[in-house]
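Data block below; observations after.
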Amino acid sequence: ETRYAPDIDNPVLINIQSIELSNSNAAAITNEGDLYIWGSNNYGQAGIGTTSSSCKATKATISKVSKVALFPGWIAAITSNNNLYMWGNNYNGLLGNGSNDTKTIPYKISELENTKVSEIYSLFLPTLTDYALAKTLVVTDNHILWRWGEYGYGKSETSKPSEKISGVNHIALANRE
């Protein structure tokens, strides 16, 4: 098992605004909006154009980041000018770029350009069959829920943001066993 940790003898991050953690990655946003990621990079989730993992914080190829969300194998970031970017594993269209291709650099979701995103969730729920539920959910400040990805069981929905539901204030997810 490989474990990743920052190099505490040579700190490279100062003026940190926020830190996010997942089971395989860590990310830090500086006061200037630079995004640094370290840990697993099997699907390019470090956002640097490669799939080489690193235990040292690496600056992603995106700037002016105000919020980041880490998921298992993919990442979403919101910039200060309200653009949503996603990259990493694009299982069944989770990244919203119209394909299933893995992206190793941040991809701007043009359908949501200049729309303030208040919440973002990605779901990946494996099933007992070969299919899985893989979906991205985004709520904007104007109370619209956008969703894309796959329903599961092979039933394709869309790999680009297209379906909108109005009047949504908040998403609550529960683990139902």
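Keep in mind that what you see is a predicted model, and the values were worked out from it rather than measured.
At a threshold of 4.5 Å between side-chain heavy atoms, the hydrophobic network of Ile, Leu, Val, Met, Phe, Trp and Tyr places Ile29 and Ile75 in one connected group. Linking ILVMFWY side-chain heavy atoms closer than 4.5 Å, directly or via other members, places Tyr36 and Ile48 in two distinct hydrophobic clusters. Each of Tyr85 and Ile105 belongs to its own hydrophobic cluster when Ile, Leu, Val, Met, Phe, Trp and Tyr are linked at side-chain heavy-atom distances under 4.5 angstrom. Under the 4.5 Å side-chain heavy-atom criterion for ILVMFWY residues, a single connected hydrophobic cluster contains both Val117 and Trp148. The hydrophobic cluster containing Ile62 also contains Leu70, counting ILVMFWY residues as joined when their side-chain heavy atoms lie under 4.5 angstrom apart, directly or transitively.
Counting only distance, with no hydrogens or angles, the side chain of Thr51 and the backbone of Asn41 share no donor-acceptor pair below 3.5 Å. Judged by distance alone, the side chain of Ser66 and the main-chain N or O of Ile78 form a donor-acceptor pair under 3.5 Å. In terms of modelled atom types and a separation under 3.5 Å, the side chain of Trp146 and the main chain of Leu137 share no donor-acceptor contact.
Atoms CG and CD, from Leu145 and Glu119 in turn, are 9.5 Å apart once rounded to the nearest 0.5 Å. We find the OG1-CG distance between Thr115 and Leu84 to be 10.0 Å, quoted to the nearest 0.5 Å. If you take NZ on Lys67 and CD on Glu20, they are separated by 8.0 Å, rounding to the nearest 0.5 Å. From Asn89, atom CG reaches atom NZ of Lys103 across 12.5 Å, with rounding to the nearest 0.5 Å. Residue Ile120 holds its CD1 atom at 10.5 Å from OG of Ser118, rounded to the nearest 0.5 Å.
The heavy-atom pair separating Trp38 from Lys56 by the smallest distance is CB-O, 3.5 Å. Nearest heavy-atom pair, Trp87 versus Ala46, reported as atom, atom and distance to 0.1 Å: NE1-C, 3.8 Å. Minimum heavy-atom separation, Ser99 to Asn90: O-ND2, 2.8 Å. Here the shortest heavy-atom pairing between Ala28 and Ile19 reads CB-CG1, 4.2 Å. Asn42 approaches Ser53 most closely through the heavy-atom pair OD1-OG, 3.9 Å. Between Ala27 and Ile37, the shortest heavy-atom distance links the atoms CB-CG1, 4.1 Å.
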request  = Would you sort out whether Leu112 and Val138 count as a side chain to side chain contact (heavy atoms under 4.5 Å, CB included), showing the intermediate values?
outcome  = CA-CA 10 Å; Leu112 296 174; Val138 171; 4.0 Å; yes

task = List the steps, then state whether side chain to side chain contact (heavy atoms under 4.5 Å, CB included) holds for Ile144 with Val139.
result = CA-CA 6 Å; Ile144 294 176; Val139 177; over 6 Å; no

query = Stepwise, does the side chain to side chain contact (heavy atoms under 4.5 Å, CB included) test hold for Asn25 with Gln45?
reply = CA-CA 9 Å; Asn25 291 94; Gln45 60 266 44; 3.6 Å; yes

query = Could you go step by step and tell me if Tyr107 and Leu95 meet the side chain to side chain contact (heavy atoms under 4.5 Å, CB included) rule?
reply = CA-CA 8 Å; Tyr107 171 84; Leu95 300 184; 5.7 Å; no

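In this structure, the side chains of Met86 and Thr136 come closer than 4.5 Å at one or more pairs of heavy atoms. In this structure the side chain of Pro106 reaches within 4.5 angstrom of the side chain of Thr61, judged on heavy atoms. Within the 4.5 Å cutoff, side-chain heavy atoms of Leu35 are placed close to those of Val68. Lys116 has its side chain out of reach of Thr140: every pair of non-hydrogen atoms, C-beta onward, lies at least 4.5 Å apart. When side chains are defined from C-beta on, Thr104 does not count as touching Thr50, because their heavy atoms never get closer than 4.5 Å.
In the model, Asn81 has no side-chain atom that pairs as donor or acceptor with a side-chain atom of Asn114 under 3.5 Å.
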